[in-house]
2 protein chains.
Amino acid sequence: MRGMLSFLIMWFLSKRPMYGEEIALELEKMKGNKPTPGTIYPALKHLQNNGLVTSQKDGRNIIYSLTEKGTTTSKKAFEYFCNMFEPVFKDCIKAKNLKKI
Amino acid sequence: MRGMLSFLIMWFLSKRPMYGEEIALELEKMKGNKPTPGTIYPALKHLQNNGLVTSQKDGRNIIYSLTEKGTTTSKKAFEYFCNMFEPVFKDCIKAKNLKKI
DNA sequence: TGGCCAATATTGGACGTCCGATATATTTAA
DNA sequence: TTAAATATATCGGACGTCCAATATTGGCCA
């Protein structure tokens, strides 16, 4: 369960490269509150140190994207996540269907 | 994202009361590895200290169950979890459907 | 050019997760 | 009645998440 933030960041980056603020805003959309720089940048740094993410300057922004290693790792983590939380997901779907009735 | 273990424990207990080892075995089924006592019991203690869980001796075992407060808290956490991870869940479903083809 | 602002980054501290090691109680089996 | 097995529990240390505060960089505009 540790590493959920890193997992989500990699999931975002698997969709498209993003710069730090974009990632923070995506997390805000998801969670309802925006992580502070002290949350997001250490996580990005950690991912870079492990060779999962690279960065590239673009004007004022620094665009982060998955490396090859990051892509395969993120796929594995995604599958693991799906399998692990499947029973909870099913419960979510059940709860939503009941609401619709 | 912090508190995922506590969330899962409360989700289990919302299904039925369980003793510590049962919880550990449920987590093993989910995650593939069984958390050690040093993981599970501090978490249970923490939930008890916050009045979310009560315990009750039953022979050799100690059965944990949600309090009233624990039940409402767990429901809220469950809804939060469902909403937060909905986009990821949808991706999971998509990935599984593609595999079936 | 100077000042503003958005984005990036670091620090320090708190907290929850996690394991390995160790300890203890109780129940079952030899 | 011991011995083994099961379940509970604590301790120490490492790690990842999180925020508030602070600092720095680079682009933009008055």
Side-chain angles (χ1 to χ4, degrees), chain A residues 1-13 17-65 70 73-74 77 80-81 84-85, chain B residues 1-13 17-65 70 73-74 77 80-81 84-85:
Chain A
M1 253 91 73
R2 264 188 314 193
M4 285 295 289
L5 176 63
S6 299
F7 166 70
L8 281 182
I9 291 176
M10 288 173 69
W11 186 71
F12 289 139
L13 295 183
M18 294 183 185
Y19 57 96
E21 267 295 296
E22 274 185 298
I23 296 171
L25 290 171
E26 287 293 325
L27 284 166
E28 185 179 20
K29 268 198 263 175
M30 247 191 168
K31 306 206 304 159
N33 70 317
K34 187 178 161 190
T36 63
T39 299
I40 209 80
Y41 290 106
L44 283 166
K45 194 182 178 185
H46 188 243
L47 288 168
Q48 285 190 90
N49 289 344
N50 291 335
L52 301 166
V53 161
T54 36
S55 60
Q56 178 188 351
K57 283 202 70 169
D58 174 52
R60 157 154 49 186
N61 304 328
I62 294 180
I63 298 182
Y64 297 91
S65 53
T73 302
S74 131
Y80 179 73
F81 178 91
M84 173 168 171
F85 287 109
Chain B
M1 253 88 74
R2 263 187 315 191
M4 286 295 292
L5 176 63
S6 300
F7 166 71
L8 281 182
I9 291 175
M10 288 173 69
W11 185 71
F12 289 139
L13 295 183
M18 292 184 187
Y19 58 96
E21 266 294 298
E22 273 185 299
I23 296 172
L25 289 171
E26 288 293 325
L27 284 166
E28 185 179 21
K29 267 198 264 175
M30 247 191 168
K31 306 205 304 158
N33 71 316
K34 187 179 163 191
T36 62
T39 299
I40 209 80
Y41 291 106
L44 284 166
K45 195 183 179 185
H46 187 243
L47 288 168
Q48 285 190 90
N49 290 343
N50 292 335
L52 301 167
V53 161
T54 36
S55 60
Q56 179 189 350
K57 282 203 70 169
D58 175 53
R60 154 154 51 187
N61 305 328
I62 294 180
I63 297 182
Y64 298 90
S65 52
T73 301
S74 131
Y80 179 72
F81 179 91
M84 173 168 170
F85 287 108

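Since this is a predicted model, take the numbers as computed values, not measurements. The sequence lines fix the lettering, A, B, ..., with proteins before strands; numbering per chain opens at 1.
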Minimum heavy-atom distance Ile40(B)-Gly20(B), with the two atoms named: CG1-O, 4.4 Å

Nearest non-hydrogen partners of Lys34(B) and Ala24(B), listed with the distance: CG-O, 3.9 Å

Heavy-atom contact window of chain B on DNA chain D, given 5' to 3' at under 4.0 Å: dA5(D) to dC18(D)

Heavy-atom check, side chain of Leu8(B) versus side chain of Met1(A), under 4.5 Å: yes

Residue pair Tyr64(A) / Glu22(A), side-chain heavy-atom distance below 4.5 Å: no

Contact list for DNA chain C against residues 40-62 of chain B - heavy-atom distance below 4.0 Å: His46(B), Arg60(B)

Qualifying residues under salt bridge (Lys or Arg N to Asp or Glu O under 4.0 Å), relative to Glu28(B), sequence neighbours excluded: none

Along DNA chain D (nearest heavy atom to each residue), the more 5'-positioned of Phe7(A) and Pro37(A): Phe7(A)

Parallel, tilted or perpendicular, as decided by the 30° and 60° cut-offs, for the rings of Phe7(B) and Phe81(B): parallel

Under 3.5 Å: donor-acceptor pair, side chain of Tyr80(A), backbone of Lys31(B): yes

Atom pair CD1 (Ile9(A)) and CG (Leu52(A)), whose distance is rounded to the nearest 0.5 Å: 11.0 Å

Sugar-phosphate only, base, or nothing, as touched by Gly20(B) at under 4.0 Å among non-hydrogen atoms: sugar-phosphate

Touch class at under 4.0 angstrom, heavy-atom based, for Gly38(B) against every strand present: base

Phosphate OP1/OP2 of dC19(C) contacted by Thr39(B) side-chain N/O (<4.0 Å): yes

